[in-house]
Structures are given as structure tokens and as C-alpha cells.
Amino acid sequence: MRRPFIAGNWKMNLNRASAVALAEGVAKAAESVQGVDLAVCPPSCYLDAVGRAISGSKVLLGAQNMYHEPAGAFTGELSAAMLRDLGCTYVILGHSERRHILGETDAAINKKVHAALSAELIPIVCVGELLSEREAGQTLAVIRRQFEGSLAGLSAEQMATVVLAYEPVWAIGTGKVATPQQAEEVHLALRKLIEQRYNGSIAGSVRLQYGGSVKPDNAAELLHQPDIDGALVGGASLRADQFLGIVAGAV
Ligand code: PGA
């Protein structure tokens with residue numbers, strides 16, 4: 001069975017003191033949580049401090065991005081090994097803000113996925129369509145293109161460790177959540193893509209998160225869809241009570 005996985009993407013928010021306080025609050029509240037994997041993904045400058053604040057708790061650490069090269073003259077970038085050194089278990093790759101604001105391509109994301117896996121970081125790979133693409137009936141074609149491009153060349157064993165997050169761009173930070181049916185349709189399509197390329201057993205084991213305006217009051221319905229195994233949470237992950245309210249919807 002797939003274990004639910006809820007991750008908080010703090011994006012470019014908070015300062016050192018508030019990041020540590022939030023991490024401590026999440027770690028404490030997580031003590032009573034059973035059967036759900038949890039992660040927080042702070043800004044990279046606070047990974048160290050947040051890692052210390054959650055150390056020994058059920059909450060694991062994730063980064064929001066990395067570069068694919070192992071080392072060298074890449075000003076401003078962080079490697080997978082550096083993230084491992086900071087205590088990261090996960091790294092979010094191909095978030096829509098990186099695709100659409102920072103111009104990341106599927107080919108660039110694919111290199112990062114391979115580098116993360118080589119360093120034993122678990123990538124949380126994001127895919128999702130723009131509103132215009134949904135309205136043009138292209139949602140599943142966009143998802144397929146991003147799946148094929150971002151996850152090219154992965155062995156079955158590597159695919160089984162990857163987490164995929166379906167995040168419709170029109171639902172991120174907008175308060176417009178996909179209906180459980182809209183989300184489930186895409187999750188099922190993603191699982192079929194995995195099955196076609198690998199097999200039913202790999203498809204059945206990969207965890208698929210939904211992301212986009214997940215809140216405590218809509219989480220349970222989304223998380224109880226058969227192919228939705230967790231959530232990647234932005235805004236609501238900035239408050240421990242809201243984040244844990246979403247986690248409660250997974251059990
Ligand atoms: P949101 O962000 O929950 O604020 O919509 C989700 C995400 O970008 O991962």
C-alpha cells in the first residue's frame with residue numbers, strides 16, 4: 001500500500017526565526033500523527049536551521065530546487081550532495097514557478113532528477129497545466145509531455161522512488177482548487193503513463209501528490225481519491241495548525 005505523503009513547500013517566505021518556530025511547531029504537532037510521511041521544504045538558506053529544529057521528529061527535510069552538476073563554477077547554485085549534507089531527504093523539482101517564472105525546461109528538470117537520484121535524494125517532480133491549456137482541452141497532453149520529458153531515462157527502480165506531484169498551475173496560490181474529480185482524472189492518467197512505460201507494480205507503488213490551494217477543509221476529499229496519495233502544500237503549510245489540519249485529512 002502507498003503511504004500518504006504530505007509535504008510543505010514554504011517557497012520564498014519566512015525569516016530564520018519564524019522558519020525555526022514553524023518547524024518546531026510542525027515537529028511537535030506531528031508527534032501524534034501515525035501512518036503519514038511528512039516533510040517541510042524551507043528556503044535553502046534555512047535548511048540547516050530547520051533541519052536542526054525537526055531533528056529526531058517524524059518530519060523530514062526537503063529542498064525546493066537544486067542544480068544538476070555535482071560541483072564547479074555555477075554561481076548561486078546548490079548540488080544534490082550539498083542538499084544531502086544539509087540533511088535533505090527530498091528535493092522538489094520542476095515546480096511550476098520554476099518552469100514558468102524561471103524558465104526551466106523538461107530537459108533541465110530531467111538532468112536534475114537524474115542527479116538527485118544518483119545522490120540518493122528523492123525527487124518530488126511537479127507537473128501541471130496552465131489554465132489556457134486546460135481550457136483548450138490539452139491537460140492530458142501537457143501532463144504526458146512533462147512526464148516524458150522530466151522523467152526520461154529512469155530505470156524502473158528509480159521510477160519507484162520518485163514522487164510525482166500534479167499541480168494545475170491555475171490552482172496554485174489562487175484559492176481555486178481542482179475538484180476531486182479533476183484531480184483524480186489526471187492522477188489516474190499519470191498512473192497509466194507509468195504503467196505503460198514500466199509495469200503495473202511500479203505504477204501501483206509510485207506516490208502521486210496533488211498540489212494547488214490544498215487547505216484543511218478540502219484536503220480529506222482530495223486525499224481520499226483512489227489515486228491521490230498525498231499533497232504538496234504551499235500557502236497553508238506556513239501555519240502549523242493548517243498543515244496538520246491537512247495531514248488529518250490523509251488518515
Ligand atoms: P498553494 O501552492 O498550496 O499555495 O496553492 C502549492 C504549491 O505550489 O506547491
Side-chain angles (χ1 to χ4, degrees), residues 2-66 76 78-93 95 97-98 116 119-124 126 161 163 165 167 172-173 175 177 207 209-220 222-223 228-251:
R2 299 184 297 269
R3 207 174 139 89
F5 175 34
I6 313 288
N9 173 9
W10 295 356
K11 307 192 181 182
M12 197 174 75
N13 292 300
L14 307 168
N15 59 30
R16 177 179 289 267
S18 58
V20 168
L22 176 58
E24 287 170 351
V26 172
K28 180 142 189 36
E31 281 170 15
S32 56
V33 174
Q34 302 286 345
V36 183
D37 289 343
L38 300 175
V40 291
C41 305
S44 52
C45 54
Y46 305 136
L47 280 168
D48 207 17
V50 167
R52 258 176 280 143
I54 59 175
S55 143
S57 80
K58 291 180 182 158
V59 186
L60 296 178
L61 192 64
Q64 299 175 15
N65 180 39
M66 53 166 259
L78 297 177
S79 70
M82 289 169 181
L83 298 183
R84 288 289 295 161
D85 227 4
L86 284 161
C88 290
T89 300
Y90 300 100
V91 59
I92 300 170
L93 294 176
H95 189 277
E97 286 144 21
R98 297 212 58 88
E120 298 189 350
L121 273 176
I122 300 174
I124 301 173
C126 304
T161 65
V163 176
E167 300 204 306
I172 296 177
V177 64
R207 288 189 294 183
Q209 295 178 316
Y210 168 78
S213 298
V214 180
K215 305 280 182 256
D217 62 0
N218 61 29
L222 286 159
L223 293 168
I228 301 183
D229 310 311
L232 184 55
V233 185
S237 71
L238 295 171
R239 280 189 34 196
D241 59 339
Q242 292 208 6
F243 187 61
L244 270 295
I246 290 167
V247 174
V251 288

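For the atom pair SG (Cys88) and CE (Met82), the distance works out to 12.5 Å, reported to the nearest 0.5 Å. How far NZ of Lys215 is from CG of Leu222: 11.5 Å, rounded to the nearest 0.5 Å. One distance of note links CD1 of Ile246 with CG of Asp217; it measures 9.0 Å at 0.5 Å rounding.
Contact detail for Ser237 and Phe243: the closest heavy-atom pair is CB-CD1, 3.8 Å. Nearest approach of Leu78 to Ser44, heavy atoms of both residues: CD1-CB, 3.6 Å. The nearest pair of heavy atoms linking Gly35 to Pro4 is O-CD, 3.4 Å. For Gly62 against Pro42, the heavy-atom pair with the smallest separation is O-CD, 3.4 Å. Annotation for Leu244 and Ala29: closest pair CG-CB, 3.4 Å, computed over non-hydrogen atoms. When all heavy atoms are compared, the tightest approach of Ala250 to Val36 is CB-CG2, 4.3 Å.
Between Pro123 and Val163 there is no side-chain heavy-atom pair separated by less than 4.5 Å.
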Fill in: Intermediate values then yes/no, side-chain contact (heavy atoms from CB on, under 4.5 Å), Gln34 and Val251
CA-CA 8 Å; Gln34 302 286 345; Val251 288; over 6 Å; no
Discussion item. Checking Leu232 against Cys126 for the side-chain contact (heavy atoms from CB on, under 4.5 Å) test, could you report, in this order, the C-alpha distance in whole Å, the side-chain angles of both residues, the deciding distance, and whether it holds?
Written reply: CA-CA 9 Å; Leu232 184 55; Cys126 304; 3.8 Å; yes
Item to complete: Determine, step by step, whether Asp229 and Gln209 satisfy the side-chain contact (heavy atoms from CB on, under 4.5 Å) criterion, reporting the C-alpha distance in whole Å, the side-chain angles of both residues, the deciding distance to 0.1 Å, and the verdict.
Response: CA-CA 6 Å; Asp229 310 311; Gln209 295 178 316; over 6 Å; no
Worksheet item: Can you list the steps and then say if Glu97 with Ile172 is a side-chain contact (heavy atoms from CB on, under 4.5 Å)?
Response: CA-CA 9 Å; Glu97 286 144 21; Ile172 296 177; 3.5 Å; yes
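Residues that satisfy the side-chain contact (heavy atoms from CB on, under 4.5 Å) test with Asp37, not counting sequence neighbours, are Arg3, Phe5, Arg207. In this structure, the side-chain contact (heavy atoms from CB on, under 4.5 Å) partners of Ser57, at least two apart in sequence or on a different chain, are Ala27, Ile54, Val59. Not counting sequence neighbours, the partners of Pro43 by the side-chain contact (heavy atoms from CB on, under 4.5 Å) test are Trp10, Cys45, Tyr46, Gln64. Shown here are the side-chain contact (heavy atoms from CB on, under 4.5 Å) partners of Thr161, two or more places apart in sequence or in another chain: Leu117. Residues satisfying the side chain to side chain donor-acceptor pair (under 3.5 Å) criterion with Glu167, sequence neighbours excluded, are His95.
Listed for the Asn218 side chain is a donor-acceptor partner under 3.5 Å among the backbone atoms of Ser213.
Ion pair Asp241/Arg239 flagged as a salt bridge, since at least one NZ, NE, NH1 or NH2 atom sits closer than 4.0 Å to an Asp/Glu carboxylate oxygen. With salt bridges taken as basic N to acidic carboxylate O contacts below 4.0 Å, none links Lys58 and Glu31.
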Atom pairs and distances, donor-acceptor, side-chain atoms in residues 16-23, under 3.5 Å, two or more places apart:
from: Ser18; atom 1: OG; to: Asn15; atom 2: N; distance (Å): 2.9
from: Ser18; atom 1: OG; to: Asn15; atom 2: O; distance (Å): 3.3
from: Ser18; atom 1: OG; to: Asn15; atom 2: OD1; distance (Å): 2.9

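Here the options are Leu83, Leu47, Val91, Thr89, the test is side chain to side chain contact (heavy atoms under 4.5 Å, CB included), and the partner is Leu61; only Leu47 passes.
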